[in-house]
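Comments concern the structure below.
Proteins come first, then strands; the chains are lettered A, B, ... in the order of their sequence lines, and each starts at number 1.
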Amino acid sequence: MIQENVEKITITLPDGATREYAAGVTGLEIAESIAKSLAKASIAVKVNGEQRDLCDPITQDSQFSIIKLDSDEGLEIMRHTVTAQLLARAVKNLYPDAKLAIGPTIENGFYYDVEFKEPLSEDDLAKIEKEMRKLKETNAPINKSLNSKADTIAAFEKRGEPYKVDIVNRADQEDGFQLYTQGDSDFIDLCRGPHLPSLKHVGVFKLMKVAGAYWRGDSNNAMLTRIYGTAWRNDKELKEYLTQLKEAEKRDHRKIGAEMDLFHFQSEAQGSVFWHAKGYTIWQQLEQYIRRRITDDGYVEVKTPQLMDQKMWEASGHWGKFRENMFVVPDVVPNTDEDGPVFKEEPKEFMALKPMNCPAHVQIFKQGLKSYRDLPIRMAEMGCCHRNEAHGALHGLMRVRQMTQDDAHVFCREDQILSEVKRFIELFYAVYKDFGFTDLKVLLATRPELRAGNDETWDRAENAMAEALNTLGIEFEYAPGEGAFYGPKYEFHLRDAIGRSWQMGTCQLDFVLPERLDASYIGEDGDKHRPVMIHRAIFGTFERFIGLLIESFAGRFPLWLAPVQCVVATITGSADEYATQVYEKLRAAGIRAHLDIRNEKINYKVREHSAVGKVPVLYAIGAREAEEQTVAIRRLGSQAQSVESLDSAIEALAKECKAPY
RNA sequence: GCCGCGGUAGCUCAGUGGUAGAGCGCGUCAUUGGUAAUGACGAGGUCGAGAGUUCAAUUCUCUCUCGUGGCACCA
């Protein structure tokens, strides 16, 4: 059909070539005009940087590219179609009463939140998956229509989908709601798109697990059932992903911690760690290391009370804002009658285990008058804190109820904020580099809605914190509204073995606590001024940091941290005496050694100390070594052996065991 | 705290309405060996706790508890 006066538009392809089309041309038509095979492989297009469906008309001059399944974007679109079209429709087919909420893609997969009448268990997933396969086999084309707000709401109300109605109601737009359909089924889904042009482009998928999730992420709302799944282009990719998951599980710090005899938990102390000798060795190494670091950076170290009176926590604001996370202890003598109540009368006076160290540090600051010349004061504490975390939040070493922070508070003048924050970041990065943690996510959390302090102070604080990162060339993202009520903060995040992100270190400006607890210094002008407090931690907590270390190293600690650095294992009983000498010499050289003269074969010993114990160095001692005063050295992860003379081997090993700082 | 799943030997797990099994570990004995599991024998369990149904419960039901995957909350 030739239309003389139809408007022409210019389409610019990724290679810079331009082509002219009639306005309103679709992505599919452009693809077809380039090559039939390309059109067949296309699943969506990108117009001026925005993902669009193949069937969307293009009405103006545009940058244009085609999205195929082989790209990351293509894979994500496919996953989106799997959840929003296949999973949603399969669920509706099997459970007509189910109410659909949202179904986005996530890293490696997707989920869909659904309200079911009856609880859904993981056993039901096979059935749903089967239905999805059946639907995929239809190769149904996916079409869409644009609808007004009123029509869209009417359509979902008719279908009994209150969550979809809610989504539409909350939308700003009045028109252009996209409803997708599959072939001639009566399934519809509200979606931003784009989607695959048809189900035949769907690759392989697998439903993984079910979990609860609150509607709109709000615990006041109904809890929906979230179905998690994964989708890939082909079986090989899926298999690789599942293998990778299995491998990641092997790095789980809880599993490795038990195997390596590092720590344990038991129900009588839920959320609190029983550190075994080997685990506590790691802790001590970390503590000594960080103490050297901060001492050299001008910190002083203090130790403050575990229990303080309710009045202190009222003054600090914790009683009001943090109490549900605190362990509160009645300050009365318990009843001693064996069968009587714990307390003879209702306790009226309370104390609380500290959930944070800051109020106590302010008390130390307040002892004696401070001059502006005294500032900054960098006050550190390996502070043991208790927080009454929700049961469901506890997770191995990553989330505990008793934790020890490598905490410190810098008391400084406002004009010192920038230099102190910069100084901290530099220290922080030097430390993380020593542990090989280079892939940090940094967030700058800014003022929340409910906050103390005026806007000018917040402006200055947030700007100083952003400037510190910028001048040091550190990339970060803003977390708007996520700051503490008393000031903005940095959050430093790391990922564990299976990709969960954990906040490690932090750095928080605080204008409120010095005020509340009436801390002041005498300024140059002779008047009293409020110091600014910077709350900061590098590891965050020893517990979480060790958890991350275990997963990051898969238990294979570098020599300086390894609980046992060297095992001396005999090959034959005749070498016992010499092996004992070797062991004694290692100990004398300050090396954490273990002597294994059990009546076992060397194969067995090697396996136990390597695969299970993850000891970095093993000295195998047989008759030859005893004869020649040597050791046969085997390194963890290597089949190679080298024979060296005893003294030089120990000397070299001792050097290697030195901490990086 | 909320939703789902789970708790059986020191550990990892199988199993059954008629009071239990494997592998590893542990102990004993034999073996004295050369680099990621030597062999034989043996000991070891109120089947998370409480209540209910039943002639009989580790097994079925309920409550609690702890763990676990998420959600919410957070270092």
Side-chain angles (χ1 to χ4, degrees), chain A residues 111 113 115-116 119-125 208-228 252 254-255 258-259 264-271 322 324-325 355-356 383 385 387-400 403-407 482 484 489 491-494 498 500 502-506 508 535 537-545 547-548 569-576 599-613 618-625 632-641 643:
Chain A
Y111 66 77
D113 285 349
E115 185 188 300
F116 288 95
L120 190 80
S121 94
E122 243 141 70
D123 298 338
D124 301 316
L125 293 182
M208 305 291 283
K209 55 194 178 188
V210 297
Y214 297 107
W215 168 235
R216 301 177 56 80
D218 184 338
S219 56
N220 296 313
N221 290 341
M223 176 148 288
L224 309 175
T225 302
R226 178 169 293 180
I227 301 172
Y228 283 95
D252 189 316
R254 294 165 300 186
K255 190 177 158 64
E259 282 168 5
H264 85 269
F265 291 91
Q266 60 188 56
S267 57
E268 291 84 351
Q270 49 176 300
F322 206 70
E324 69 169 343
N325 286 305
M356 298 181 194
C385 295
R387 292 186 192 172
N388 200 344
E389 301 286 354
H391 288 79
L394 300 176
H395 180 87
L397 293 178
M398 305 303 199
R399 193 79 182 268
V400 292
M403 71 208 83
T404 301
Q405 302 173 316
D406 64 320
D407 200 9
E482 298 286 308
K489 62 179 180 181
E491 293 179 10
F492 299 94
H493 292 259
L494 283 178
I498 63 167
R500 286 182 288 220
W502 298 95
Q503 184 182 324
M504 310 301 290
T506 183
Q508 316 182 0
H535 309 243
I538 298 175
F539 295 154
T541 66
F542 284 84
E543 286 82 1
R544 183 176 287 182
F545 196 77
L548 253 298
T570 48
I571 294 165
T572 155
S574 64
D576 285 359
N599 176 17
E600 294 291 351
K601 294 202 163 177
I602 191 66
N603 287 300
Y604 181 88
K605 294 184 183 180
V606 166
R607 182 183 178 277
E608 189 172 281
H609 298 301
S610 302
V612 183
L618 184 135
Y619 286 176
I621 307 289
R624 273 206 305 274
E625 287 75 19
I633 304 169
R634 185 192 176 105
R635 295 275 176 156
L636 182 62
S638 161
Q639 308 283 333
Q641 304 155 44
V643 178

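- The separation of B:U16 from B:G21, taken at their C1' atoms, amounts to 11 Å, rounded to a whole angstrom.
- A donor N or O paired with an acceptor N or O is found under 3.5 Å between the base of B:A37 and the side-chain atoms of A:R607.
- In this structure, of B:C26, B:G34, B:G4, it is B:C26 that holds the atom nearest to the side chain of A:Y604.
- A:H395 has its side chain within reach of A:R254: a pair of non-hydrogen atoms, C-beta onward, lies under 4.5 Å apart.
- For B:U58 and B:G70, the C1' atoms lie 30 Å apart once the distance is rounded to whole Å.
- Whole-Å rounding puts the A:K209 NZ to B:U68 P distance at 14 Å.
- For A:E324, the CD atom is loosely surrounded, since the number of other residues' heavy atoms within 6.0 Å does not exceed 12.
- Rounding to the nearest 0.5 angstrom, the gap separating the CD1 atom in A:I571 from the CG atom in A:D576 is 11.5 Å.
- Side-chain atoms of A:E600 lie closest to B:U38 of the nucleotides B:A72, B:A36, B:U38.
- B:U19 sits 26 Å from B:G67 when the C1' atoms are compared, rounded to a whole Å.
- Rounding to whole angstrom units, NZ of residue A:K601 and C1' of B:G33 are separated by 6 Å.
- The CZ atom of A:R500 sits 9 Å away from the P atom of B:C71 (whole-angstrom rounding).
- Across B:C13 and B:U68, the matching P atoms stand 13 Å from one another, rounded to whole Å.
- The side chain of A:R226 lies closest to B:C71, out of B:C71, B:G34, B:G69.
- Taking atom C1' on both B:G44 and B:G27, the two are 10 Å apart, rounded to the nearest angstrom.
- Atom OH of A:Y619 sits about 15.5 Å away from atom OG1 of A:T570, to the nearest 0.5 Å.
- Remark: A:H395 is in phosphate contact with B:G69, judged by side-chain N or O atoms under 4.0 Å from OP1 or OP2.
- Rounded to a whole Å, the CG atom of A:L224 is 22 Å from the P atom of B:G69.
- Scanning atom types as modelled, no donor and acceptor separated by under 3.5 angstrom connect the side chain of A:R216 and the base of B:C71.
- Here the P atom of nucleotide B:G48 and the CZ atom of A:F265 are 22 Å apart, to the nearest Å.
- Considering only the side chain of A:A393, B:C73 comes nearest among B:C73, B:C5, B:U65.
- You'll find the side chain of A:W215 stays beyond 4.5 Å of the side chain of A:E115, heavy atoms only.
- Summarising the geometry, the separation between OH on A:Y214 and C1' on B:C3 is reported as 8 Å, rounded to the nearest angstrom.
- An OP1 or OP2 oxygen of B:G69 is reached within less than 4.0 angstrom by a side-chain nitrogen or oxygen of A:R254.
- Each of B:G34, B:A36, B:U68 was ranked by its minimum atom distance to the side chain of A:R624; first place goes to B:G34.
- Judged by closest nucleotide on RNA chain B, A:I621 is the one of A:N325 and A:I621 placed further toward the 5' end.
- In terms of phosphate contacts, A:Q639 brings a side-chain nitrogen or oxygen within less than 4.0 Å of OP1 or OP2 of B:A36.
- A gap of 11 Å separates the P atoms of B:A49 and B:A9, to the nearest Å.
- Note on A:A623: a base of the nucleic acid sits closer than 4.0 angstrom, heavy atoms only.
- Taking for each of A:E122 and A:G271 the nucleotide of RNA chain B with the nearest heavy atom, the 5'-most of the two is the partner of A:E122.
- Listed nucleotides B:G34, B:U38, B:G70 differ in distance to A:A632; the shortest reach to its side chain belongs to B:G34.
- Atom CG in A:N388 sits about 17 Å away from atom P in B:C73, given to the nearest Å.
- As a whole-Å value, the separation of A:L394 CG from B:C74 C1' is 11 Å.
- Among the nucleotides B:A72, B:C71, B:G34, the one closest to the side chain of A:I602 is B:G34.
- Listed nucleotides B:C5, B:C71, B:C74 differ in distance to A:S121; the shortest reach to its side chain belongs to B:C5.
- When side chains are defined from C-beta on, A:T404 does not count as touching A:F539, because their heavy atoms never get closer than 4.5 Å.
- For A:V606, whose side chain is taken as the heavy atoms from C-beta onward, the closest listed nucleotide among B:C71, B:G69, B:A36 is B:A36.
- The side chain of A:Q270 contributes an N or O atom lying less than 4.0 Å from OP1 or OP2 of B:C66.
- Between A:V400 and A:F265 there is a side-chain heavy-atom pair separated by less than 4.5 Å.
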Please tabulate the protein-to-nucleotide N/O contacts below 3.5 Å involving nucleotides 40-44 of chain B, giving atom names and distances.
none

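- Between B:A37 and B:G4, the distance separating the two P atoms is 44 Å to the nearest Å.
- For the P atoms, the distance linking B:C26 with B:C11 amounts to 14 Å, nearest Å.
- The side chain of A:E625 lies closest to B:G34, out of B:G69, B:A37, B:G34.
- Here the CZ atom belonging to A:R544 is positioned 10.5 Å from the CD atom belonging to A:Q405, to the nearest 0.5 angstrom.
- At least one donor-acceptor pair closer than 3.5 Å links the side chain of A:D406 to the backbone N or O of A:G540.
- The strand RNA chain B forms stems, runs of 3 or more Watson-Crick or G-U wobble pairs with distances below 3.5 Å, at B:1-7 with B:65-71, B:10-13 with B:21-24, B:26-30 with B:38-42, B:48-52 with B:60-64.
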